[in-house]
Amino acid sequence: NLQSVGGDLYVYFTNIRSLEKLESVGVDLLLTGTKIESLGNLQYVGADLVFRNTPLSTTTTEEEIRSQVEVGGNVKF
């Protein structure tokens with residue numbers, strides 16, 4: 001049911017597959033090594049969005065990510 005995180009959110013190397021109801025992360029969102037397949041309702045990341053070595057990193061492009069999520073920093077695959 002988490003909808004917003006004011007600072008960093010590090011969820012790396014977990015079995016998470018979707019961010020569900022999460023809408024915003026104030027700073028960095030790190031999803032490296034997760035099983036993430038969907039960013040759910042995510043609309044905003046204040047700094048970097050990192051999802052290296054994930055299923056999502058092989059099925060999407062930076063342009064697709066930025067068209068649905070406002071990312072203030074880098075998108076790193």
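Just so you know, these numbers come straight off a predicted model, no measurement behind them. Computed over heavy atoms, backbone and side chain alike; hydrogens, waters and symmetry mates excluded.
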### Query
Hey, what do you get for CD (E20) to CD (Q3), rounding to the nearest 0.5 Å?
12.0 Å

### Message
Just verifying a value: how many Å separate I36 CD1 and N53 CG, rounded to the nearest 0.5 Å?
### Response
14.0 Å

### Query
Does some side-chain heavy atom of F51 sit less than 4.5 Å from a side-chain heavy atom of V75?
yes

### Task
For V45 and V27, work out which heavy atoms get closest and say how close.
CG1-O, 3.2 Å

### Task
Give the cluster check for L30 versus I65: same hydrophobic cluster or not, with ILVMFWY residues linked at side-chain heavy-atom distances below 4.5 Å.
no

### Query
Where is the tightest heavy-atom contact between N41 and K21, given as atom of each residue plus distance?
ND2-CA, 3.9 Å

### Message
Membership question, hydrophobic clusters at under 4.5 Å side-chain separation (ILVMFWY): are L42 and I16 in the same one?
### Response
yes

### Message
Is there a continuous path of hydrophobic side-chain contacts, each under 4.5 Å between heavy atoms, that joins V50 to V11?
### Response
no

## Note on the structure
Of all heavy-atom pairs linking E37 and P55, the shortest is CG-CB, 4.1 Å

### Query
In Å, rounded to the nearest 0.5 Å, how long is the span from CZ of F13 to OG1 of T54?
11.0 Å

### Message
Checking the side chain of T60 only, and the main-chain atoms of S57 only, is there a donor and an acceptor separated by less than 3.5 Å?
### Response
no

#### Entry: For L31 against T34, the heavy-atom pair lying closest together
O-OG1, 2.8 Å

### Message
Just so I know, are the side chains of L56 and L39 near enough to count as touching, which here means a heavy-atom distance under 4.5 Å?
### Response
yes

### Query
Is the side chain of E64 donor-acceptor paired with the backbone N or O of T61 at a distance under 3.5 Å, no angle test?
yes

### Summary
CG of D48 to CG of N74, rounded to nearest 0.5 Å, is 4.5 Å

### Query
Can you get from L2 to L49 by hopping between Ile, Leu, Val, Met, Phe, Trp and Tyr side chains that sit under 4.5 Å apart?
yes

#### Entry: Worked check of side chain to side chain contact (heavy atoms under 4.5 Å, CB included) between K76 and R52
CA-CA 7 Å; K76 299 178 183 180; R52 292 184 176 115; 3.6 Å; yes

### Query
Do the side chain of D28 and the main chain of D8 share a donor and acceptor less than 3.5 angstrom apart?
no

### Query
Where do F77 and E62 come nearest, in terms of heavy atoms and distance?
CZ-N, 3.3 Å

